[in-house]
Each structure stands twice: as structure tokens, then as C-alpha cells.
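To keep things clear, I will list the structure first and then write my remarks on it.
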Number of protein chains: 2
Amino acid sequence: MKITRTQNLMAAALAGVLAVVTTVAQAADALSSWNDSPAKQSIVDFVKRVTTPGGKDFVPEPARIAVFDNDGTLWSEQPMYFQAFFVFDRIKALAPQHPEWKDKEPFASVLNGDINSALAGGEHALLEMAMATHAGTTTEEFEKIVKDWIATAKHPKTGRLYTEMVYQPMLELLAYLRANGFKTFIVSGGGIEFMRPWMEKVYGIPPEQVVGSSIKTKFEMRDGKPVLVRLPELDFVDDGAGKPVGIQMHIGRRPIAAFGNSDGDLQMLQWTATGPGARFCLYVHHTDAEREWAYDRKSGIGRLDKGLDDAKAKGWTVVDMRNDWKIIYPFQKK
Amino acid sequence: MKITRTQNLMAAALAGVLAVVTTVAQAADALSSWNDSPAKQSIVDFVKRVTTPGGKDFVPEPARIAVFDNDGTLWSEQPMYFQAFFVFDRIKALAPQHPEWKDKEPFASVLNGDINSALAGGEHALLEMAMATHAGTTTEEFEKIVKDWIATAKHPKTGRLYTEMVYQPMLELLAYLRANGFKTFIVSGGGIEFMRPWMEKVYGIPPEQVVGSSIKTKFEMRDGKPVLVRLPELDFVDDGAGKPVGIQMHIGRRPIAAFGNSDGDLQMLQWTATGPGARFCLYVHHTDAEREWAYDRKSGIGRLDKGLDDAKAKGWTVVDMRNDWKIIYPFQKK
């Protein structure tokens, strides 16, 4: 089959018409789990501004970069980061190979089910547990471990899979932005290889668009086959002032929209907000003690204090989960 | 305007038809600067295998990851890496701010135009020059410096802009792969922030798909505005065994196709070749002393020795530049 230049042009024009029609139709109910509120309106307004050809705030598609924190922004993070549950489950699973853990903190406390004591050692104890459970395998072995865990482990309070505890309104927001030519990225303090194995399916975000904390890896040959071995050595912490660094390292250009929920996201939002042209920053504020959790300025996990002040001062959007979202989780859909 | 589900389905079906027609049409002359050769045939065969729906080697679009080395694979690298010319030009430009360089090697030799002496200090001297010229600015200042240089600096032998010395057949290959649903990435030993400012325009590869060597950066506030400062500290060397590590870090899944030209690409090709399913590895062999340069096993720059043996042993494609390519550079097009 041979097609002419005219046919090509017609096809291109037709595809353009279809694209416009589709976008308009999608916008109508794209955010159906959002109540009509200033927060929702601010999102729709921003998207319209940057996608209107010829408008003064128009941004070409390749520059429509949107970055999302994960814990507390796309899924819940209480009573502790979900990756911590993974760490504890791994310690239990690995205990038979580590008889010494029975008498060694913080592992002994984890094995006795005493999480508070395990966490009493602070950052150092956490890091030790993270290394013991995240290193020592190849990248492919680790991917399988995460996939197996995420497919079966249940949240202690809701009894749901962790991937069921993602925010339906945020899933809609991700899809809405992508339908409008945005490229969506994760920029999270969570482990990059803990997130990649399930995010493509759950959020529609492929591994190459996930930025996170990492440990070092090393290329080596095993029985003539190359593997990447995960080393017990911190490589990068993607939190706070590390987030703009991670964004530069992985994305290489400044986002025009950023979404977070804690002071750990503040520098990412500042970095996003201060670029030229139209910018959008949003904080998810955990205000819903009934359907989710309510916490902000004094929380150990997901503290939102300085960020709340900055958001007010700078006119960023703050989502009031209790009032702005019709439902929290996908399983609440009617 | 309201569109029905039926209209939506029709639109989707039509778009599908158009996509197929376009792909077939493009395939016909997509590689027009390639002579009909086993090398060209091997590329077309591979693409057909992984894109044929229902075929045993079919690979879904998101997994069609192709990685390309840059120096010697997409553009020339003689008489030395083009980034080295940038380093020397920067030393000359910065010399007035560094009067001490007049008496300090390797800078003194560069300022005297004696490149061989400047390079005599080996890796240490190179690193010192790289740090002196690549650090100390913000990321945005550095981007501008690179853009200004790449728009004006000329190759000492050809008198051409460096971005004119890219390989036309490889540009066609990049476009051909993308037209067939591949996502194309750079995985180069070159500096990541030296490459990003011009690769989108020249190769059609956006900043977030460029993997390279890097120095550390630091987030800080300057006059109330956030900046990322480039530090004189190595972060990552994306060469040799570092390439699979860089691929995992940035892409997070194993490529199905890899393209290189030197032993520094060997581990990347090995890593790519040993994944499950259909795989494609290609070496560009510099055999054209007339139109480009001829070098391989004994070259200091772009040495291809072990890789050439491996390619033979494993049946990888080896491009003979002299015989397989009708032209080398875009400016040779008739």
C-alpha cells in the first residue's frame, strides 16, 4: 500500500481533530471524584492556560513535566511509611538466615513484634534495617521480592493491599494531566527499586519516570551472565533539598507542576514554582480523620508545617481531603 | 461538543489504521542512507520481529527500550572527544579569572596551545580540567554556556559545527526506531549536562532520556531564589561497567537494543543481550579513513578490541562505515 503526501496530510489533520475532541470530552469528567472546589478549579484553570495554543502561558508538550511525591500524596503513609512494613516483613523472612538477629537490635525488637523499640534507634537503626533488607540481591531478584510482597501484604488497619490505598482523586489527576500532554514523574523519598515494580500498573508511570532514594549497584559476571548486585551503601536520598537534585539528575529540566504533602516536598515545590512562565504547586492536606488520617504540623510522619505557611504565602493550592474529595480510595467507588 | 462511545471507538479504530499505514510507509525509506547490507537487514528484521502483534518475539511498546552511546556512535570522536575541545575552550575563556593557571599544569599547557602536554598528566589532569570547567556555576548558567559553545565552536579539521558531525544513518535509525514505538535513550560516558542542552534538537532525545557522567549538585537559596549549584565532585562515571548501572539508575529496565562503538560500551551490550526474548546489539566500526576516521583495536580513543571479538562470537551486528553507509554526515546529502 502506498500513500500519497495528500493522504498523509489528511490523516495528520484528522488525527489532530480527533485529539482535540478527545481532550475536551475527557476534561468533562476526568476529575469526577473531586468536589467542585477552588482546588479543582485551580487545576483545570492551570491545565487550560498551558495547553491553549497561542495563549500567553502556552507550554509545548515536551516541557509539560509534572512531578509527584508518593507517600501521603498518591497513597497513604500511616501509621508509618508502607515501605517500613516491607522492611519489617523482610526481616522476618530473612531471620532464619540470620540467627544473630535474635540478640541484635534493632532486629531483635522487630522479630519480637515491638516496632516502637525497633524504631527507637532513630535514623541509624532505620538505615541499618533498610540495608539489611534492600541489599545483597541482584536487581532482578529484588524486583521479584517487591512484586511478591506488594501482591499479598495487607495494611494492618484496613486489611487492604497497599496498592488499594492509593487516592482515587489523584489517579484521576495523573490521567487528566497525561491526557493533556503532560509527562508525569514520581519524585519520592521512597526506594526507587521498591516503587518501580508496581507503579506502572497502579499509576501508569513507567520505571524510567520514577525518581527515588537509592543504594549503589555493581555490575558483575556470574557464571558468564551479567548481573547488577545491590550493595549495602547509600547512593542518594531523594528527600527535602535532595528532591530538586534528583529532578535535575533524572529529568534534566524544571517541572512546571509539582504535587506533595509534606515539608519534605517543600524544596521541590519551591524549585518548580520559581521557573519562568505558568507554574502550579499543590499540597495534599490530610484533614480527614474518618476516611483516612488527619495530621499536619506536629506529625512525625508527613509533617506539613513550613510548607503550609509557604503555600498560603505563595498562593499554592492546598487540597482539603475531607471537603475536596468525594472518595479517598478506589474501592469506595459506587 | 459531546461525543458518544461509538464515536470514540470509531476514532480510536481509525487512528489505529492510520498508525499502521504510516509505519509501513516510513519503513520503506526510513534508512535511506544505509546501503542494502546484512547490517541494515538485521535492523529491519529485528524491528519487524518485536513489533509484529501475535508474533513470538513481540514486545509491548513500553518495553521497547533502545540505548545509544554518543561519542563515536552518533557523532565523531576524533582527534579527541568533542567535550575535550569544550574543556580547552572553557579554560581559555576562564583564564583571566585564574591568573595562577599561567604557571600551573595542565592549565599552562592548554593556554600555550600544547594539548599533548596538557594530556600528559593522564586521567588525573583530565579530571582536574573537567572539574575546573564544569563546576562552580548553577545548572542554568552551565546550560547556557554549553548552548553558546555548541552553537559556535568549530571542529579543527572539518571546520564544521560539532552538531553537524553527527551520523546521518544513525539519525535515520533513531527516527525509525521511534516510529516503531521504541523509546530511545543516550547512555554515554560524556557529561550528562554537556549533552542535554542540544540533544533534543539534534537527536530528538529529550533531557530525561539522557544518561551520562555527572558531578554532584547542591540545592541552595540565593537572594530568596532556589538554584542548583554544580560542585567539583564526581558523582557518577557512565562508562564500561558503569553503563549498566547508569541504565538501571535512570531507566530501571533492561533495554532490548543497544548501540555502541567501543569497548567502553561492551558491558552495556552484554547487559542488553542477555535479557529474555529478542535482543539486538550493534557496533559501529570505524573503517572509513577517507570520509571519517579509521581506528579500532589500537586506538587510544574509542578502542574497539574485545568488543569486536565478542560481536563476532555472539553474532552481533557490526556496521562497516565505509561500505554500509552511503553518506556519513547530513551535510553530504544531495
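Chain letters run A, B, ... following the sequence lines, proteins first, then strands; residues in each count from 1.
For Phe236(A), no part lies near chain B; criterion is any non-hydrogen pair under 4.5 Å. For Gln209(A), the part lying near chain B is the side chain, with the backbone staying farther off; criterion is any non-hydrogen pair under 4.5 Å. Heavy atoms closer than 4.5 Å to chain B are found in both the backbone and the side chain of Leu228(A). Contacts between Glu143(B) and chain A at a heavy-atom distance below 4.5 Å are absent for every atom of the residue. At a 4.5 Å heavy-atom cutoff, the contact between Thr139(B) and chain A is made by side-chain atoms alone. Only the side chain of Glu200(B) comes within less than 4.5 Å of a heavy atom of chain A; its backbone N, CA, C and O stay farther away.
The residue among Glu140(A), Lys225(A), Lys183(A), Lys218(A) with the most heavy atom pairs within less than 4.5 Å of chain B is Lys183(A). Contact count against chain B (heavy-atom pairs under 4.5 Å) is highest for Thr217(A) among Asp235(A), Thr217(A), Val210(A), Val211(A). No other option in Pro62(A), Pro197(A), Gly212(A), Ala241(A) has as many heavy-atom pairs under 4.5 Å with chain B as Ala241(A).
Using a 4.5 Å cut-off on side-chain heavy atoms (C-beta onward), Gln270(A) and Met221(B) make contact. Pro226(A) places none of its side-chain heavy atoms less than 4.5 Å from the side chain of Gln267(B).
Shown here is Lys306(A), whose NZ atom has no more than 12 heavy atoms of other residues, nucleotides or ligands within 6.0 Å. With a 6.0 Å radius and a threshold of 12 heavy atoms from other residues, nucleotides or ligands, Lys144(A) has its NZ atom at or below the threshold.
Annotation: residues 242-255 of chain B contacts chain A through Pro244(B), Val245(B), Gln248(B), Met249(B), His250(B), Ile251(B), Gly252(B), Arg253(B), Arg254(B) [non-hydrogen atoms, separation under 4.5 Å].
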